[in-house]
Structure formats: C-alpha cells, structure tokens
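Taking it in order: structure first as structure tokens, then the write-up.
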Protein chains: 2
Amino acid sequence: MSGGVEAALHCCVVLTAATGPVPAARLAQLHGVSATYLAKQLQALSRADLVQSVQGKSGGYVLTRPPEDITVLDVVEAVEGTQSTFVCTEIRQRGPLASPPEACTAPCAIARTMAVADRAWRAALREVSIADLGRLVGGDYDTDVLGKVGDWLVSAEP
Amino acid sequence: MSGGVEAALHCCVVLTAATGPVPAARLAQLHGVSATYLAKQLQALSRADLVQSVQGKSGGYVLTRPPEDITVLDVVEAVEGTQSTFVCTEIRQRGPLASPPEACTAPCAIARTMAVADRAWRAALREVSIADLGRLVGGDYDTDVLGKVGDWLVSAEP
DNA sequence: TTGACTCGGACAACATATGTCCGAGTAAGG
DNA sequence: CCTTACTCGGACATATGTTGTCCGAGTCAA
Ligand code: SF4
Ligand code: SF4
C-alpha cells in the first residue's frame with residue numbers, strides 16, 4: 001500500500017484541532033516529512049472534496065465537512081484510488097482451453113472471493129470516522145495532544 | 001497487489017484436477033502466461049509448503065494437502081508476503097512535537113484501525129478453501145471445466 | 001498597487017514488481 | 001549402471017509505480 005496514506009490520515013486528524021486554514025508546509029514540518037511530497041497527498045484529498053484549499057497570504061487547507069462525516073475509507077480511497085486491490089486479468093480467456101468471451105460475462109469465483117474480502121476491508125474502514133480517531137489518540141496519552149497541536153499551529157514560525 | 005496472486009490461485013485450482021505431478025511449463029501454456037515468471041510464484045508456494053516439487057523426468061508440482069485444508073489466504077500470504085498492507089512509519093516520533101519513544105510502546109489509533117480492517121480482509125479469505133473454488137468454478141459453467149482440464153493435462157504435447 | 005504567500009500540476013530519482021536466463025539435481029529409460 | 005533428457009531453484013535485466021522535487025499560476029492580506 002502507498003505509504004502516503006498514513007500522512008494523509010495524520011493531517012486530517014490534525015486539521016480537526018485547527019481553527020483556521022493550515023498550510024501544507026506547516027503540516028509537513030509538524031510531521032517531519034517532505035513538504036513537497038505531502039502536498040501531493042493533500043491535492044488528492046482536495047480532488048476528493050475532503051478538504052478545501054484557500055489560497056492567498058494566510059491560506060491553507062480546511063476540512064469541508066465535520067469530522068464525524070469523514071470516514072477513514074474516504075481518505076484511503078482519495079489517496080490510494082478506488083479500485084480493488086485485486087485486478088482481474090481475465091486469464092481464463094487465454095491459452096488453449098480459453099473460455100469463449102460470451103461465457104465470461106460475470107466475474108468468476110476467484111474474482112468474487114477477492115471482491116468479498118475487499119468489501120469486508122472497506123466496511124471496516126468505513127466504520128471509523130476522523131472524529132473517532134481524534135478521540136482515540138486523545139485517550140492514548142495522558143496529556144491533551146490535540147490541544148498542544150492546536151497551540152503549536154498558531155504559534156509556529158512562518 | 002501483486003498480480004501474480006491470480007496466477008497462483010488458478011494453478012492451485014488446476015492442480016486439484018490433476019492426478020500426477022504437473023510441470024510449471026504446462027501450467028504456463030495452459031494459462032497463456034510467461035513460463036519463467038510463473039515458476040517464480042510456484043517457488044513461493046513451494047517455500048510455504050503448499051505444493052511439493054518432485055524433480056526428474058516426469059516431475060512437477062503436487063499439492064501437499066487435500067484442497068479442503070488449503071485456504072485462499074494461505075496462497076495469498078505465500079505469494080504476497082505475510083505483513084500487513086499498512087506499515088507504520090512512526091511519524092509521531094518525528095517533528096517538533098514528537099512523542100517520546102517511551103510513550104510509543106503500543107500502536108496508535110490509526111495503526112489499530114488499519115490492523116482491524118486487515119484482519120477482516122484476511123478472515124474473509126480464510127473462509128474459502130481451494131476445494132470451494134473448484135466447486136464454484138464448476139458451477140459457473142454448464143460444461144465440466146475441471147474435467148476438460150484434467151484430460152488436457154495428460155494429453156498435452158511435451 | 002504591491003507583494004509575498006498559497007496551491008496546482010509538471011518533472012526526476014528510487015523501489016518494487018515483472019519478466020528472463022542459465023546452472024544444479026533427479027528420476028526415468030535403455 | 002550409465003546416459004539423457006527433463007525438472008526445479010535461485011541469480012540476472014527490464015518495466016511500472018511510488019517517492020521526492022521543482023517552478024509557475026492564482027489569490028488574499030496588507
Ligand atoms: S475472473 Fe477469474 S478467471 Fe478471469 S482473470 Fe479474474 S480470477 Fe482469473
Ligand atoms: S503508530 Fe500511529 S502515529 Fe505511529 S506511524 Fe503508525 S499511524 Fe503514525
């Protein structure tokens with residue numbers, strides 16, 4: 001899986017604690033990753049209408065919806081693409097015993113099995129929202145991590 | 001996902017219909033794929049002890065267990081590797097607000113969520129065995145596909 | 001009006017997956 | 001028993017996707 005998904009999720013959780021727009025460069029230095037590369041993932045989120053970009057001097061990214069309405073699956077599909085992890089090559093239509101194309105209208109048993117597993121994976125991701133993640137990471141530590149992040153965002157050097 | 005998984009699954013199903021050892025080259029020309037590349041996947045299956053290789057003049061590959069005892073998950077993990085699709089980079093330990101390492105003993109909420117989804121995916125694949133796949137593909141068509149494959153395997157040109 | 005700061009997509013470097021090759025070993029057959 | 005042809009096994013190039021980078025178009029604040 002593309003490793004950029006992790007960064008995108010972290011950014012969404014951080015944006016929960018933000019009050020105004022947050023530039024991509026700020027998020028990058030907060031996470032200690034390449035700023036230009038993280039911009040790419042944020043652009044993907046923007047194309048999926050999960051975040052909105054405001055340009056100009058004090059611009060940045062803002063969530064378009066309340067975090068309760070953004071699921072982890074939304075973020076994953078925005079970055080990773082919406083197609084299934086298993087792609088069918090239709091090899092049953094090749095070779096000496098190839099099935100005729102008119103018999104291959106429906107996906108075969110193997111593809112069906114993989115599709116079922118893929119749906120289960122996506123269903124599990126759909127159950128968790130970004131707001132849930134914020135609560136969970138808050139519970140992981142004694143200190144209020146999200147509050148500290150919010151403070152740092154407003155007091156950081158430009 | 002690695003596309004070789006599909007070929008490996010097809011090979012396992014075909015081996016169900018075989019009586020003796022089947023060489024990799026035979027399976028390759030049956031599926032119309034590169035023989036040398038398919039050999040790589042079969043070697044992975046061999047390392048995972050799903051198939052056994054018999055060498056010599058009329059050698060090939062044979063299933064080590066009855067097909068009821070081989071799950072689709074076994075094949076996928078043999079080819080694709082056993083690690084989760086989501087790998088944690090521990091970026092919470094980087095940047096100006098890095099968490100101290102002693103607070104990062106357990107995986108964080110994001111990693112836990114991904115792990116849950118991954119387990120659901122694997123559980124779905126574990127429910128289906130190779131024998132089930134054979135029955136399902138048999139029911140997909142009116143003609144007895146596995147029987148035809150078995151006949152072709154013994155009558156094919158060397 | 002200025003100006004500096006933001007995003008956006010186009011451009012290389014690297015890693016993994018794909019595809020290929022030839023040598024070691026073995027069982028069949030004469 | 002020896003030959004011989006056939007098998008697997010791991011080491012070697014190529015292609016595709018991911019990671020990382022760059023500079024220009026556009027925009028809001030001052
Ligand atoms: S539908 Fe089935 S036979 Fe066709 S390519 Fe997919 S897995 Fe293979
Ligand atoms: S454990 Fe959580 S914070 Fe650490 S790298 Fe994984 S997703 Fe990020």
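Remember, predicted model here, so these are calculated numbers, not experimental data. To find a chain, count down the sequence lines: A is the first, B the second, and so on, and within it residues start at 1.
- No donor-acceptor distance shorter than 3.5 angstrom exists from the side chain of A:Arg65 to the backbone of A:Leu50, with no hydrogens or angles considered.
- Atom pair B:Asp49:CG and D:dG9:P shows a separation of 11 Å (rounding to whole Å applied).
- Within the nucleic acid shown, A:Ala25 has no heavy atom closer than 4.0 Å to any nucleic acid atom.
- You'll find that the side chain of A:Tyr37 is closest to D:dT19, out of D:dT19, C:dC7, C:dG8.
- Rounded to an integer number of Å, the gap from CG of A:Leu45 to C1' of C:dC7 is 14 Å.
- With rounding to whole Å, B:Gln41 atom CD is found 13 Å from C:dT16 atom C1'.
- Among the heavy atoms of the strands, none lies under 4.0 Å from A:Ala39.
- Looking at which nucleotide of DNA chain D each of B:Ala24 and A:Glu80 is closest to, the 5′-most match is held by B:Ala24.
- Between B:Ser2 and the phosphate of C:dT18, there is a side-chain N or O to OP1/OP2 separation shorter than 4.0 Å.
- The separation between A:Leu38 atom CG and C:dT6 atom C1' is 15 Å, rounded to whole Å.
- Look at NZ on B:Lys57: it is 21 Å from P on C:dA24, rounded to the nearest Å.
- In this structure, CD of B:Gln52 is placed 13 Å from P of D:dC8, rounded to the nearest angstrom.
- With hydrogens and angles disregarded, a donor-acceptor distance shorter than 3.5 Å links the side chain of B:Ser84 to the backbone of B:Phe86.
- For A:Ser53, whose side chain is taken as the heavy atoms from C-beta onward, the closest listed nucleotide among C:dG8, D:dG9, C:dG19 is C:dG8.
- Between the side chains of B:Glu68 and B:Ser129, no donor-acceptor pair of N or O atoms lies under 3.5 Å.
- Salt bridge status for A:Arg135 with A:Asp132: present, with a side-chain N to carboxylate O gap under 4.0 Å.
- Distances shorter than 4.0 Å separate none of the side-chain N or O atoms of A:Ser46 from OP1 or OP2 on C:dC7.
- For the pair B:Gln43 CD and D:dT7 P, the interatomic distance rounds to 15 Å; values are reported in whole Å.
- For A:Ser34 and D:dT19, the shortest distance from a side-chain N or O to OP1 or OP2 is not below 4.0 Å.
- Distance A:Arg47 CZ to C:dG8 C1': 9 Å, rounded to the nearest Å.
- With D:dC28, D:dT21, D:dG10 as the candidates, the nucleotide lying closest to the side chain of A:Thr36 is D:dT21.
- With hydrogens and angles ignored, no donor-acceptor pair under 3.5 angstrom links the side chain of B:Gln55 to the base of D:dG9.
- If you chain together hydrophobic residues whose side chains sit under 4.5 Å apart, B:Leu9 and B:Leu63 fall into the same group.
- The base of D:dG20 lies close enough to the side chain of A:Lys40 for a donor and an acceptor atom to sit less than 3.5 Å apart.
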